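Inspection log for the structure reproduced underneath, given as C-alpha cells.
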Amino acid sequence: MTVMNREHDVVVFGATGFVGALTAAYLARHAPEGVRFALAGRSADKLAATRAGLPAVAREWPLVVADSGDPVALAALAASTRVLATTVGPYARYGLPVVEACARAGTHYADLTGEVLFVRAAIDAVHELALESGARIVHACGYDSIPSDLGMLLLHERAVADRAGPLTDVRLVATVRGGFSGGTIDSLRAQIEAYESNPGLRRVAADPHALSPDRAAEPTPAQPRDAGMPSRAADGTWQAPFVMAPFNTRIVRRSNALLDWAYGPQLRYGEVMGAGKGVTGALVAAGITGGLAGLVGAMSVKPVRGLLDRVLPSPGTGPSEQARAKGWFRSVLHATTGSGRRYRATVAGPGDPGYAATAVMLGQSALCLALDDLPQRSGSLTPATAMGRPLIDRLRLAGHTYDVTNA
C-alpha cells in the first residue's frame, strides 16, 4: 500500500487528550471536504466519547485503538494513514515507537514536542530510515516551535529577495497571554528525570547545536545564552528568559543547518520574553526570571517535585473555552544582515498559545503534509524545512499573522 492509497489521510493520535481533542475539533470545523480523518488512542470508549463531542461532520470518523507500547498496533496504525499527528506525550516516554512506526511505513508525522532529548533521540533513530521510506518526520508543530521556525524562514526569504546578505543576528521577543499546559509541565518533569538517570544528557541538552545534523561542521559555536538575568532593550522594554528558548533555538539552528546554513553561516539566534517598560516591566521581568529558576530548581528535588504535582496542571487538562479564547501570542523577530540591513518579522495569532493556537498549528501542519505540494525532502525535518511557505500560507488563511518589514 503506497502512501497515496492509504485508508486515511490524517489520523489524530492521542485524540482523547485535551490538545488532541482540540485539534480534532479544529479539523472537523476547518478541513476541506473529502479529507479522510480518523481518531486514535488507547481506549475505544474514550475515543467514542471524544468523537461524540465533535461537530456533526466528524460523527462517522473511524476509531483506531492503538497504544504506544504495542508495536504491532502502531505498525498497523502508521500503515493506515498518509499523515499521523500525535499529541501523545511526554514524547521522551511514549514518542519514539510512534516515530519509528511512521518512518518504517513511509508515513508523514507531526508532533507537538518541546523536548530536545527526544528530538535528538528520534533523529538518531529514524532519520536515515525516513530518508529511505520518504517519510517526513516533523517535530515541533505547535507554539513550540512554528512561530520561531517560520518567522526565521520569512526573514531569510526577505533578505534573499532584497540581496541584503546573510542573516547575522536575530533576537525573538515573545509576548503571550496564556499559561503553562499540563503537557509542558510533564515534559519538563520527564527531562529532569532523564538527567537524574543519566547526568550526561544535561550536556547534550545544553549544547546550542544539540539538534544539528552535523555537529562537527557547525560554523557558529558561540550562541546567545538561553537564560540569564533580566535586561533592558534599546527601546526600553524589559526582557526575561523565555521558557521555550532552549528548545526553539535548536529547532531554528537545525533548519539553518538542513538548508546548508542558507540563513547565514555566522547566524546568532536567541529568544527572550518581553515584559513591558518602566518599573512595572522591570518587576515583571524579575518575576519571570525568578519564577522559572524556582520552578526548575523545585522540580529537580524529588520530594518537592511530588508536592508540586498536586498543584501544577496535570497532563490532559487545560483551561476553559472562554479562557482559551482570551489568550494570544505575539513573536517579534529583530534581525540584522551582513550588509547592515535590519528587518522585523511579526508572527502572531489569537487563542491561548499552548492550546487554541497550537491546535490550529498542528491541524494545519497535518493538512499541509497530507494535501500540499511540498519541498522534495524527507527524513527528520522541521516545520520550515518540511513545509515552509505552504504552511505559512495556510496559517495566514487561518487567521495568524506572518509579516516582515524594514526595521
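Residue numbers run from 1 in the order of the sequence given. The structure displayed is predicted, hence computed values, not measured ones. Scope of the values below: all heavy atoms of this structure, side chains included, with no hydrogens, waters or symmetry mates.
Checked by atom type and distance alone, the side chain of His127 pairs as donor or acceptor with a backbone atom of Ser380 at under 3.5 Å. Listed for the Asp149 side chain is a donor-acceptor partner under 3.5 Å among the backbone atoms of Ala384. At least one donor-acceptor pair under 3.5 Å links the side chain of Asn256 to the backbone N or O of Tyr263. Checking side-chain atoms of Arg377 against main-chain N and O of Thr385 turns up a donor-acceptor pair under 3.5 Å. In terms of modelled atom types and a separation under 3.5 Å, the side chain of Arg6 and the main chain of Thr81 share a donor-acceptor contact. Side-chain atoms of Arg250 come within 3.5 Å of backbone N or O of Asp207 as a donor-acceptor pair. Using a distance-only test at 3.5 Å, with no hydrogens or angles considered, no donor-acceptor pair links the side chain of Arg394 to the main chain of Arg389. Using a distance-only test at 3.5 Å, with no hydrogens or angles considered, no donor-acceptor pair links the side chain of Arg342 to the main chain of Asn406. Of the possible polar contacts, one joining the Arg59 side chain to the Leu54 backbone as a donor-acceptor pair under 3.5 Å is found. At distances below 3.5 Å, at least one donor-acceptor pair connects side-chain atoms of Asp111 with backbone N or O atoms of Ala140.
Taking the ring centroids of His139 and Tyr91, they lie at or beyond the 6.0 Å cut-off. Taking the six-membered ring where the residue is Trp, the centroids of His400 and Phe329 are separated by under 6.0 Å.
With no hydrogens or angles considered, a side-chain donor-acceptor pair links Asp235 and Thr237 at under 3.5 Å. One side chain, Ser255 or Thr382, offers a donor N or O that lies under 3.5 Å from an acceptor on the other. Side chains of Glu218 and Trp261: a donor on one and an acceptor on the other come within 3.5 Å. Between the side chains of Tyr343 and Asp162, at least one donor-acceptor pair of N or O atoms lies under 3.5 Å. Under 3.5 Å, the side chains of Ser148 and Ser145 contain no donor-acceptor pair of N or O atoms.
A salt bridge between Asp403 and Arg396 is absent, with no side-chain N of the basic residue lying under 4.0 Å from a carboxylate O of the acidic one.
In this structure, CZ in Arg253 is found 10.0 Å from CE in Met152, a value given to the nearest 0.5 Å. One finds the CG atom of Leu150 at 5.0 Å from the CG atom of Leu391 (value rounded to the nearest 0.5 Å). Note: Thr336 OG1 to Arg171 CZ = 11.0 Å, rounded to the nearest 0.5 Å. The structure places CD1 of Ile137 at 10.0 Å from CD of Glu100, a figure rounded to the nearest 0.5 Å. Of the inter-residue distances, the one linking His108 atom NE2 with Ser378 atom OG reads 9.0 Å to the nearest 0.5 angstrom. The OG1 atom of Thr280 sits 12.0 Å away from atom CH2 of Trp238, with the distance rounded to the nearest 0.5 Å.
By the 6.0 Å contact criterion, CZ on Arg215 is enclosed, its count of non-hydrogen atoms from other residues, nucleotides or ligands being greater than 12. Other residues, nucleotides and ligands place no more than 12 heavy atoms under 6.0 Å from the CZ atom of Arg330. Residue-environment remark: CD (Glu321) stays at or below the threshold of 12 foreign heavy atoms within 6.0 Å. Counting heavy-atom neighbours within 6.0 Å of Arg93 CZ, excluding the residue itself, gives a total above 12. Atom CZ of Arg341 has more than 12 neighbouring heavy atoms from other residues, nucleotides or ligands inside a 6.0 Å radius.
Side chains of Leu112 and Asp144 form no contact here, defined as non-hydrogen atoms less than 4.5 Å apart. Looking at heavy atoms from C-beta onward, Arg324 lies in side-chain contact with Leu22 at the 4.5 angstrom threshold. Between Leu374 and Pro390, some side-chain heavy-atom pair lies under the 4.5 Å cut-off. Residues Leu167 and Tyr269 form no side-chain contact, since every pair of their non-hydrogen atoms from C-beta on lies 4.5 Å or further apart. With a 4.5 Å cut-off on side-chain heavy atoms, Arg104 and Ser133 do not count as touching.
Closest non-hydrogen pair, Thr16 versus Leu47, comes out as CG2-N, 3.5 Å.
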